[in-house]
Amino acid sequence: MAALRSASALRQSLLRSVPKGNPFLRRCLATAKAPSTLFESLDTFTDRHVGPDDSEATFMLSKLGYDSMESFLAATVPPNIRIADDTISDASIPALSESELHARAKALGRKNLQFKSYIGMGYHNAVVPPVILRNVMENPAWYTPYTPYQPEIAQGRLESLVNYQTMIMSLTAMDIANASLLDEATAAAEGMVMAYVHSGHKKKTFFADKAVLPQTIAVLRTRAKGFGIRLVVGDASTALRDDGLRADLSGVLLQYPDVNGQITDYKDLAKEVHGSGALVVCATDLLALTLLTPPGEWGADIVLGNSARFGVPTGYGGPHAAFFAVTDSLKRKMPGRLIGRSKDTMGNPAYRLALQTREQHIRREKATSNICTSQALLANMAAMYAIYHGPVGLTRIAKKVHFFTQLLRASVERLGFKVANDAYFDTLTIDVTPVCKNAEVVHAAAALQFVNLKKIDSTRVGVALDESVSQEDLKVLVELFATAASGPKGILDEIAQPAGTAIPSSLTRTSKFLSHSVFNTYHSETEMLRYIFHLASKDLSLVHAMIPLGSCTMKLNSTSSMIPLTWPEFGGVHPFAPAEQVEGYRQIIKELEADLCKITGFHSCSVQPNSGAAGEYAGLTVIRAYQESRGEGHRDVCLIPLSAHGTNPASAVMAGLKVVAVKTHADGNLDLADLKVKAEKHKDNLAAFMITYPSTFGVFEDGVTDACKIIHEYGGQVYLDGANLNAQVGLTNPAVCGGDVCHLNLHKTFAIPHGGGGPGVGPICVAEHLAPFLPSHPLLKTGGNKAIDAISAGPFGSASVLLISWAYIKMLGGNGLSQSTNTALLNANYMAQRLAGHYTLRFKNANGCVAHELLIDLAEFDKVAGLKVTDFAKRLQDYGFHPPTCSWPISTCMLIEPTESETLEEIDRFCDAMIQIRKEVDDIVSGKQPRDNNLLKNAPHPLSAMILPDKEWNRPYSRQEAAYPMPWLRERKFWPTVSRIDDAYGDLNLVCDCPSVEELSSS
C-alpha cells in the first residue's frame, strides 16, 4: 500500500509540473488514477465517463475562486432545495464495474425465454443484415449525432433520411412522407388530429375500424379526449350508413391488412368517406405493399405504420420508426420532421430540415402536435435495409413469407382447422373448434415447442409469419397444430405448392416501386459497407468533438452500456410475450423505475412515454385524470413561463388545457408576482403549472419552491419538466422543489444516444397521489388501478433502449451519478469564466454562477458588425465543432452545455475557438474585414470552396485563415460537406425524395 501511495504522490507532482500547453501529457497522466486498494475493480465506470480527473477539477475550481467542490456547489444551488449527501450514494444505488454489469445483464437476459413468436399485431421478427447491425446500429458515428439542425455537418444522415422518405413514398404511392414518428399507434393519433384540423376543427367524430390494432385504438382514446374528438369504433363497411355519423365525420382509420390478417378492398369505401368530406387514414405494412395495391392508389389521404420489419429488432416493443405519408394538399399540416432538398451558396445540392414553421417550437400553443423528434436511427436502418435488398430482394422476401403462409393454411386445413380469412398476406386467423375443444389446447401444444401464437379468444388463434421463419420453423408450426388436433405427422410434406396467391387480383400491385438509383446499386456487402461509411463521413458526431448543445445534454453514450442492446435475448423479444417469458426484461424495468424514483424523490414511475414530449403529455394527462377523479374535471388552465420549451404549450393543448403565459424578469427569473396574480385569477380552473428547473436560461432560481406553493395554494398541480435533470442528480430533486410529476429525458441525463434525431425516451415519475393514474395498456397490465389509456404502442414504450439507462445508472452508482452532476456544473461555470470578457453572459445567479449550461448573448455584434447567431454557428463548424443551441430560448443567444463527459482539454479547445472567433469579429468591427464578405458571413468553408481557382476565390482572407484558424486543426480537421445552405430556396422549391435516375444522369 505504501507503494501505491508513493505512485499517487509522484503522479500528482508530475501533474503540477506539466504546463497547460501540453494537454496530451496531462491526459496521459490523468488516466493513471491509482486504486484505493488492490482489491478494487480496475474497470470502474465513473473514471471513464467523467471527463476531468481530480486534479483538473481542482484546477477549474481554483480558476473560479473556490477551494472545494462543496463551496462551489453551495454558491450554485439554492440551499433550501439541497438534499442530504447520502440520498443518492453508493448506499442507495450500488455501483457495478463494467464487467460486473455485463455479467448481470447476461444473467437477466437468460431469464428472457427464447420462444419463437408468431403473435404479429404490428410487430415482426426482423432479420437485421449484419452489415447494418454492426455499421449503423452499433456504430457511434451513426448513433451519437444530434438532430440535423446544422445541415452542413449532417449531410450523411440527411441523405439517408431522404432515402427513408423516398422509400415510404414509393411503397405507399403517396406524395410526401416525413422522416418518421414515434410508433404506429401515436402516428395514427397524429392522423386523427390531422383529420380533425383539416375539417376546420368543426367535425369532431373520428371512426376507427374494429380490425385496427388494439394498442392503436387505446392510444386514439387517450389522444381524442384532449381534443374533444368523439372516437367511434365499429365496422367501417357499414358505419357510413349512419347519416348522423357522416355529417360530423372528420376521418376514418383502416388497417390494411387488418389485425386478423384479412385484406379488404377499400376503394369504394374511400370514395364514400371522401363524399362525406372526411379523410381516409390507412395503417399498413411495408413488406405487404411490395405485393399489394398501395393505399395511395385506392384513395388514402394519410398512410402510416411501423417500418421495423425492415431490419430493426423487435426489442420488446421498440424503439421503431413509424412512417407517415400524406397527399400533397396536406403536406403543410403534416407533423414531424421533414427533410428536403435545397442548395448551398455555391449552387451545390444539399439537404436540410424543411417547413420548420409547422413544428411545435414555432407554433407553441397553436400547435396540434408536440412532436419534436423522430426515430432517425431506426429510420436510417430501415432505409439501409431497403437499399441493401432493393425492390427485387424485398419482393422475394415478401413472396417467400406469403408462400409459407399459404403452406401453413393448407396444412392446418388438412388437419381440420378452419382459416377465417380468405384473403391474406402473412397472417392467419384460425378457428380451432372443428378439431379442438378450445384455443388453449393449441396454445398448450405451442408452448411445448417454445412457440407463441396470438391469443384471440377461446375459439380462435392467430399466426403471423415473417422473413425469419425457416423451413424447419414451418414444420414445427404444422406439427404443433397436428399435436393439438391429434392428427397425423408429416402433413407439410404432403402439401402441394400453391398455384396462385391469396391476394385478390384486384389488390395485386402492378405499379413499380423503389426505382431510384440508390435502391438498385448497393446490393453487395462491400458496396453497402462503403456507402454506409461514405454517409457517416459527412456527419459530425461525438466521435469527432464535443456537441455543446444547451438543453440537449450530449454526454458520453458509453460502449459498455450499449453492448447488451443487440444481444438476441433482448433484441428478439415480442412486446406481447407472456410475462413469465420476460422476467429478465421485467426485472430491468422494475430496477430502472425504482432508481428513477430515488433520483427524482417521487413514488412511482412509468416508462411507457417514448419521447420527452410524450412524457410531458402523459404527465399532464395523468394530472387531468386525477382532478377528474376528485370532481374537478373543469380545471383546464395551464400556466407556463414564456421561457418554456415549445413542447410545453403544445403538450398542454393536446391534453385539453388552455395555456396562460407567465412573465419572466430581465434577470431570467420567473416573475413570482405575475404567477401569483394569474394563479389567483384562474384559481377555480387552475389545472397545472409547467416549469423547467434549472430554467431554460441556465440558472437555479431561488424561488422555485415558492412558485410551487403558489400553485398548490390555488388547487393546481406542478409539472416539473425534467429536461435539465442532469443539473439536479444528488443535489436536489423535483419532489423537493415542489413538483407533483416530472418527465425525464433518458436520452439526455441517462445517456441513451440521440441517434441523429431519435430515439428518445421520456418516462414520468409521480407523487403518490398520482400513481393510480399512470398509463395502462390493452394487452399487458401496466399503470395504476385508475389508469389512463395507453400513451404509446408498446406497454413499456421503447423498451430495448431502457437497457442503456439501466446500465448507465448501475455502473455509475449513486456516487458516480452525483459526481457527474457536480462535474457538469463545474464544466459549465469554468466555460463561462473562460468566455467572460469576450462574450456577454446573459444570466447568472446572485453569486455569479450558472447551472449546467450558459446563455451567451450575441446581439451586440449585430449592431456593430452585422453578424447574426447563425454566422457564429457556421464559423464554429470550420473549427470542427457542432454549434451550441442557437436562437433559443432567446433569439440573439447561444445556449452552451458541455456536460460532465468532456475533458478539460476539449473544453479549453472549444473556448479557444470561441475566443478566436471573437478576434475575427473584431476585425470586422475595426474595418479590416468587410461586413458582407468575411470569415463569418462566408462560413462554413467546405473543401469545394477551398479548391476554387484563385480567380474565383474573391475573399479578403486566405484559405489558411478560412480552414485552419487554430494549429490543432491541421492534425484533426472535420470538413463541412457543403457551404451554407439556402433554407428559403428549399421551402419555396420543396423536394423531399431522392433524385430520380433522370436527374442523376442529367447532372
Side-chain angles (χ1 to χ4, degrees), residues 148-159 162 340-353 533-540 544-545 861 865-883 886 913-914 916-986 988-989 991 995 999-1003:
Y149 285 125
Q150 297 292 334
E152 298 85 359
I153 51 175
Q155 286 297 295
R157 66 186 178 280
L158 284 168
E159 179 177 329
V162 166
R341 272 191 274 166
S342 185
K343 63 179 181 179
D344 70 3
T345 56
M346 299 178 69
N348 297 314
Y351 297 108
R352 26 65 86 192
L353 292 171
F533 274 82
H534 169 64
L535 294 187
S537 71
K538 299 180 179 185
D539 289 12
L540 189 147
H544 299 102
F861 304 115
L867 296 172
K868 307 289 187 182
V869 174
T870 299
D871 298 317
F872 287 83
K874 303 309 179 186
R875 183 56 177 154
L876 262 174
Q877 295 179 14
D878 286 328
Y879 286 77
F881 285 106
H882 193 293
C886 294
M914 290 293 292
Q916 182 64 25
I917 291 173
R918 175 57 202 268
K919 292 177 182 177
E920 295 170 353
V921 173
D922 289 341
D923 285 344
I924 302 169
V925 174
S926 68
K928 291 182 180 178
Q929 293 283 323
R931 287 169 67 105
D932 61 347
N933 183 15
N934 54 64
L935 285 163
L936 279 77
K937 284 294 183 184
N938 294 331
H941 297 82
L943 276 170
S944 57
M946 292 299 98
I947 61 174
L948 285 172
D950 290 343
K951 64 181 180 181
E952 295 181 28
W953 177 247
N954 195 27
R955 304 182 188 197
Y957 49 86
S958 69
R959 288 175 172 83
Q960 178 172 318
E961 290 174 302
Y964 300 108
M966 298 297 285
W968 35 262
L969 287 167
R970 292 192 172 276
E971 178 185 352
R972 190 173 69 182
K973 168 76 175 177
F974 181 88
W975 290 94
T977 311
V978 295
S979 62
R980 195 176 305 193
I981 294 174
D982 187 337
D983 288 323
Y985 175 88
L988 289 171
N989 302 275
V991 179
E999 287 176 297
L1000 287 173
S1001 61
S1002 65
S1003 64

* Would you confirm whether the ring centroid of Phe872 sits within less than 6.0 angstrom of the ring centroid of Phe861? => yes
* Lys937 atom NZ, neighbour heavy-atom count above 12 within 6.0 Å ->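 More than 12 heavy atoms, drawn from other residues, nucleotides or ligands, come within 6.0 Å of this atom.
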* **Check against salt bridge (charged side-chain N to carboxylate O under 4.0 Å, His left out), Glu152 and Lys874** => CA-CA 8 Å; Glu152 298 85 359; Lys874 303 309 179 186; 2.8 Å; yes
* Asked: Any idea how Trp975 and Tyr964 line up, ring-wise: parallel (<30°), tilted (30 to 60°), or perpendicular (>60°)?
  ->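 Plane angle over 60°, so perpendicular.
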* To do: May I ask you to decide if the ring planes of Trp953 and His941 are parallel, tilted or perpendicular, using 30° and 60° as cut-offs?
  => tilted
Sidechain N-carboxylate O distance under 4.0 Å for [X], [Y]:
X	Y	value
Lys343	Asp982	no
Glu920	Arg875	yes
Arg352	Asp983	yes
Arg918	Asp922	yes

* **Intermediate values then yes/no, side chain to side chain donor-acceptor pair (under 3.5 Å), Gln929 and Arg955** => CA-CA 10 Å; Gln929 293 283 323; Arg955 304 182 188 197; over 6 Å; no
* Does the Asp539 side chain pair with the main chain of Arg157, one donor and one acceptor, at a distance under 3.5 Å? -> yes
* For Lys538 and Leu158, indicate whether the former's side chain and the latter's backbone hold a donor-acceptor pair under 3.5 Å. =>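 No, Lys538 side chain to Leu158 backbone: no donor-acceptor pair under 3.5 Å.
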* Distance only, no hydrogens: is a donor on one side chain within 3.5 Å (strictly under) of an acceptor on the other, for Asn938 and Tyr957? -> yes
* To do: Answer yes or no: is there a side-chain heavy-atom contact under 4.5 Å between Val162 and Arg341?
  => no
* Asked: What pair of heavy atoms forms the shortest contact from Ala913 to Leu876, and how long is it?
  ->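 Of all heavy-atom pairs spanning Ala913 and Leu876, the closest is CB-CD2, 4.3 Å.
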